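Everything numeric in this text was worked out from a predicted model, so none of it was measured. Every chain is numbered from 1 and lettered A, B, ... according to where its sequence line falls, protein lines coming before strand lines.
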Amino acid sequence: MEINAVLSLGVQGEEDSYAGKLYILPPYLTFSSVDRKSVRFTIPLSTIRRVERLNARAGIYALSLGLWHGMKIIVQLTSLRPTADVFCSLLRDSLKVELQRGQMKAVKTFVKTCYSEALVPTESSVGDNEREDGSLISEEKDGSPPRESTYHGGLGLKFKFPGDPKKLREASKIKLWTTYLRAHGRNLTLLRYPQCTRLVQVGLPNRLRGEMWETLSGSLYLRFANPGVYQRTLDENKGRTTTSTEDIEKDLHRSLPEYAGYQDEEGIAALRRVLQAYSFKNPELGYCQAMNILAAAILIYMSEEQAFWLLGVLCDRLLPGYYSQSMHGTLLDQRVFESLVQRCLPIIHDHFQEVDVQLSVASLPWFLSLFINSMPMVFAFRIVDCFFCMGPKVLFQVGLAILKINGEKLLEIQDDGGFLHLMRDYFASLGDSAHPQSSDPRARAITRFQELLLVSFREFAVITDETILSERRRFRSEIIHSIESFSKRSAVRNLKSLERFSKEQAGMIYDALYKAMFMVPNTVIATPPTPSLLAANGEPDERPETRIELRTFQYFLSEIATWARDEKVVSNGFQQRIDRSIAEHEFIDRLFFFWDTSCKGALSFQDLVSGLDGVMFNDLMENIEWFFNLHDKNKDGFLSKDEVLTLSETFLFIFRYEIGDAYLGAVSRFMTNAFEYGDALLPDHEKSEEKPDGESTKPQAGSNTPYLNLATFRMVVLADEVLESFFETDLSASFRLESVPDMDLPPSSSGLLGDIWSNIATADNKKIFHKFTDEIGKTIGKHQVIHRPSIGRYTKLDEPKAHESLLTPSMRKSPSKSSLTTTSSTLSIPATPPMLSVDSSKKLPMRPSEYSPLPMVKAANAALMERSHFAIDDATGDDDTDDESERGADDDQVMDEVDAFLEAHDSGLTAADKEVANDLLHAKPVK
Amino acid sequence: MADPASGSGDKSVQVKLVLLGEAAVGKSSVVLRFVSNEFQANKEPTIGAAFLTQKCRLEDRVLRYEIWDTAGQERFHSLAPMYYRNAQAAVVVYDVTKASSLEKAKSWVKELQRQANPNIVIALAGNKVDLVLPSPSTSGANSLSESEDEADDATATPGETPGADSQPESLRQVPREEAQAYAAEANLLFFETSAKTGEGVVEIFTEIAKKIPIEHILASTRGGAGRPGAAGARPGQRQEGVNLEENQAKSKDACNC
Ligand SMILES: Nc1nc2c(ncn2[C@@H]2O[C@H](COP(=O)(O)OP(=O)(O)O)[C@@H](O)[C@H]2O)c(=O)[nH]1
Ligand SMILES: [Mg+2]
């Protein structure tokens, strides 16, 4: 629930008041100021320790919330009174639930894992002097004994943090942050006011960095909500090897190898565990190169458990699709970046076009590794600070700024190599002065890195989250389409055999396969046997291959074979449409196993191509043989009686919607003849002697013994015109590679409902519309459902003649009545067509709503747009890009002011300094 | 013959070369051997592709290789076209001790022949041959143990395999002849190499250099950089007349020899 509210801090004068919206999203309470960026918080309800209704002037409805960390926030509910009442009672109830869940107690243990607790003692006014020396060596070496050494920390505590602490002005930063955190809460209760962002922009202090990354990205909440999950994930998968774990192993020693922690087994082991744990948690993504760089980087600043959750937020939310199997997110954002360059830096873009240089050769690693692999770590980590605080748009802003700053030189490059060299040199010089020739010492002091941030956040402030989202939307289908056609081309190219299909035809089979995989995903994901497993079995180390299970195959076949789907033509007076569903029948299962030549229980693309080849190019005789083999389960060259029955059932299944009696008659004649000839050709008495019980001496085969051979079967089939034509052409033709035509026939009336139709073209609406019109149709007696025939050759009711001539009289022995009667009792031949007989088929609903020619587009869309509104999102930060600059502040210096301030007051901050800092931070006009 | 001392010193021809192949077959090691003649654990994290350059002297001319060493992980496959586009040469690497790596190599070759620059020169390199060839010092012992094997095999029960690690030759999963036959059929240069010992590595690059249609590159470019596809598509707006003539003069000379 949301409500309008005005937020102020309990301490007078500490912060201005902000109007915004307050949300209860159990188990969180979140606030966002009207501009959606100045002030925000997301706090677990369990950190709220006291709620008071303030006794204020009439007409004002205000609550005072006392939080775990001792600060008070006051929210004035400005919506209408009844809304406020509802809100309050919802808040009360939600708090109760949290209390009952024991979350209130969990807070106490959890916050102890946060460094900020050691930084800001809860016992209030105890001095925060002990870490002022900025020493970066681990706690134990400090003079004073650590008060709480239970907080989580990264490898940096032991192996030192990159960079010179003096130069980084660690002590002063810590001091400023201590002040901020004391007044605005910390870890779970952090309130994000504008100066939070500004402090982040001048670089987080090393010791606090890990925790702030967690808090700003929101991964802190996941760690809080899932205690012990990291360790459990590792324990449950102990000793498991997968493709991912093998890939991880290869990269462990090339992940920030220059950092001391990774020249040590301790660091390597931590990195291994975090990457493995993520790959176990998300096996579909597994492990992608570049994740090693991210994990190695964050592990310098945070514990394994913290890193595990942060890596999750990175891969799943902040960099969506970057590391997936298709890397669609990476390709998409590269495309978006290119389009932003075209828009913001057209001259550079044109030059790149002219000399045919692709931006991505340089920018790909920027995005995939958050610049960590491109810049010196100290600088990259400051960009990462901003990324967690302000969101993914930071990558684009920095990328654009890099190009802009190097604009002139870029216009001289002629090829990819030149581009890369230029970038390499630039990154190596980031620590140099941006204006070495300037006479103003202040200007000289500005480094190229500071310049980069200035340009990023000032000049490219126009790049907002909305820009990125809308650009992503713009290019999504283009990217997905190109990935699809790329993988289609390589799948077709890599077929061991195209058989008799053309490439285009194989491509159509591929399309049907992928559509099926999207509509009916395999139940067990990621089961391809690992290479090591295969190797152990002595099989060649095969690359994991896409294979589909039976259920998916049913869908696949329904795309290709007319009889593998049930199609109902529904007309109701307003429209005519085809409702389609997947048929299920033993025959389809049989086909599945028939095509599974390597007995893997799943079919590969090649299996499907070869399988279809086995039937689609057949002539009459080949088709008869194919059909025979399909039903000869033990491949002994004979059908047993049971198999003859099954085969007849297959006929009935395929013919189930044919109009008229022709096909039924044919099947019935087939059975009569099959048993007649079968019995006639029985090798007489030897057969019966084989039977141990010897129950009968009559020449009668057991239901499972060899009975009908191919020659006889062929003869019986050819004796019938309908069956003959079925095998001659109809069977092969019932497999069609062109995509199944549209589900919806155009509405029969173009009147009012026709117009409505064109306006409601969303799938869900269509369903409702269909239902609606069906109902009307029924009322006015126009509702009619016809099953569409699969073959549709003999539509008249005339009965085709058997080919009498083919039946040599000598073979017409007396039909063994007995066997026929048993038959007809097991198999009920329907008296009226269609569909009575075989319809044991359960129907899979086909979800017409998701019917799309580009199923992957949908899948990917879903993946990309899946960012549901969750409290964590609010914490992951979208924006700051301060407005000061637009108000005429001296561009070159605003960003640097805090830096300069820190410079001037590097040693020891007094209370007066704090005021100065505060003034500085407040220098901005507030609404 | 060409006059090498024409003003700016040796003007080199730039050749873009891409390395492709399954992960861990030794692409980066081969490049490292070629570029700095050393063999060591690969310390450079590769995201997408690593970029290196190396000059290669060939008779009277110098080629400057721009080498793109691509990441081997399967999912980076869709990024590969970015690196092989406009490439004049490709080295497709497989590992002689791993049969599946040849299959992957074949699929790269197919892809290059369909999608890349039509004049691309492709070399197939079967790497890690040090693992399967008896090194000179131990060759005697090796052949001895091999003959012992044969004797063993004759008496041993079928299906029992001799210990794999003691006989290098048994590590081999791709027979030289098989790969060579495939290379001939697909019109590829073929080498067996070892980044570890250096065997065959430089040869790949010199043989490629010989086969590269340098005249074609020079003719289709302005300036020093060889970028055939691009230059053809866009008529030159740049003024680099001097360089251009210089290059063309050179290319004429080259035709004469
Ligand atoms: N024995 C041997 N090992 C090699 C050779 N080339 C590479 N390696 C090893 O194979 C592994 C993978 O090599 P790398 O160059 O990273 O392969 P890439 O993934 O194709 O770039 C490393 O452990 C190398 O040391 C070789 O010629 N002989
Ligand atoms: Mg490599």
Side-chain angles (χ1 to χ4, degrees), chain A residues 243 246-247 250-251 253-258 285-290 292-293 296 323-328 330-331 334 353-358 360-362 364-366 368-369 372-374 414-418 420-421 424 482-483 486-487 489-490 493-494 531 534-535 540-544, chain B residues 14 16 22-24 28 41-53 64 66-68 71-83 85-86 98-101 103-104 106-108 110-111 113-115 161 173 221-227 229-231 233-234 236-238 240:
Chain A
T243 329
E246 283 168 10
D247 286 354
K250 283 178 208 152
D251 286 345
H253 289 276
R254 37 183 177 181
S255 315
L256 307 187
E258 65 273 32
L285 189 154
Y287 167 74
C288 175
Q289 280 175 336
N292 59 325
I293 308 289
Y323 308 109
S324 69
Q325 292 292 343
S326 65
M327 297 184 76
H328 59 266
T330 297
L331 295 166
Q334 289 301 308
Q353 289 268 305
E354 187 186 315
V355 296
D356 195 26
V357 164
Q358 256 189 321
S360 291
V361 297
L364 180 84
W366 299 352
L368 270 177
S369 76
I372 298 164
N373 210 34
S374 308
Q414 300 299 329
D415 56 26
D416 296 345
L420 280 186
H421 283 304
R424 219 176 268 180
S482 76
I483 291 177
F486 181 83
S487 47
R489 258 179 300 152
S490 48
R493 202 167 44 227
N494 285 323
L534 276 169
D541 187 349
E542 204 179 336
R543 272 175 299 131
Chain B
Q14 197 161 296
K16 178 173 172 182
E22 198 174 274
S28 305
N42 179 15
K43 286 280 183 189
E44 188 66 21
T46 305
I47 293 174
F51 176 72
L52 300 95
T53 54
R64 189 164 163 277
E66 287 202 329
I67 303 170
W68 292 90
Q73 216 188 0
E74 182 63 29
R75 71 187 76 184
F76 281 82
H77 189 148
S78 56
L79 299 168
M82 181 162 89
Y83 303 108
R85 62 194 275 282
N86 297 335
K98 202 173 170 212
S100 66
S101 70
E103 291 311 307
K104 181 68 199 177
K106 287 180 182 171
S107 102
W108 277 120
K110 276 195 205 167
E111 179 166 340
Q113 288 175 336
R114 303 258 157 81
Q115 318 271 355
T161 47
Q173 286 191 1
T221 46
R222 266 153 264 94
R227 315 192 49 79
R234 293 183 195 84
Q237 298 102 323
R238 277 169 284 138
E240 284 175 322

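- Nearest approach of Leu364(A) to Ile47(B), heavy atoms of both residues: CD2-O, 4.4 Å.
- Using a 4.5 Å heavy-atom threshold, the side chains of Ser107(B) and Arg493(A) count as separate.
- Contacts of Leu331(A) with chain B are made by side-chain atoms alone, with heavy-atom separations under 4.5 Å and no backbone atom involved.
- With a 4.5 Å cut-off on side-chain heavy atoms, Phe51(B) and Val361(A) do not count as touching.
- Interface check for chain A: of the options Ala49(B), Gly48(B), Ser78(B), the most heavy-atom pairs under 4.5 Å are formed by Ser78(B).
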Given the rule in the side-chain contact (heavy atoms from CB on, under 4.5 Å) test, do Thr243(A) and Glu74(B) qualify, once you have shown the distances and angles that lead to the verdict? CA-CA 11 Å; Thr243(A) 329; Glu74(B) 182 63 29; over 6 Å; no
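- To the nearest 0.5 Å, atoms CD (Glu111(B)) and CZ (Phe486(A)) are separated by 4.5 Å.
- Rounding to the nearest 0.5 Å gives a distance of 12.5 Å between CD1 of Ile483(A) and NE2 of His77(B).
- Using a 4.5 Å cut-off between heavy atoms, Ile372(A) does not touch chain B at all.
- How far CD of Gln73(B) is from CG of Asp251(A): 7.0 Å, rounded to the nearest 0.5 Å.
- Counting heavy atoms from C-beta on, the side chains of Gln358(A) and Arg85(B) come closer than 4.5 Å.
- Between the Arg114(B) side chain and the Ser490(A) main chain, no donor and acceptor come within less than 3.5 Å of each other.
- The shortest side-chain heavy-atom distance between Gln334(A) and Met82(B) does not fall under the 4.5 Å cut-off.
- Within the 4.5 angstrom heavy-atom criterion, only backbone atoms of Ser324(A) (N, CA, C, O) approach chain B.
- When heavy atoms are compared at a cutoff of 4.5 Å, Ser326(A) approaches chain B solely by way of its backbone atoms N, CA, C and O.
- When heavy atoms are compared at a cutoff of 4.5 Å, Asp247(A) approaches chain B solely by way of its side chain, counted from C-beta outward.
- Both the backbone and the side chain of Phe76(B) have a heavy atom closer than 4.5 Å to some heavy atom of chain A.
- Between Met327(A) and Arg75(B), the shortest heavy-atom contact is SD-O, 3.4 Å.
- Taking the charged nitrogens against the carboxylate oxygens, Asp415(A) and Lys16(B) have no contact shorter than 4.0 Å, which rules out a salt bridge.
- Interface remark: Ser101(B) contributes no atoms to any contact with chain A (heavy atom separation under 4.5 Å).
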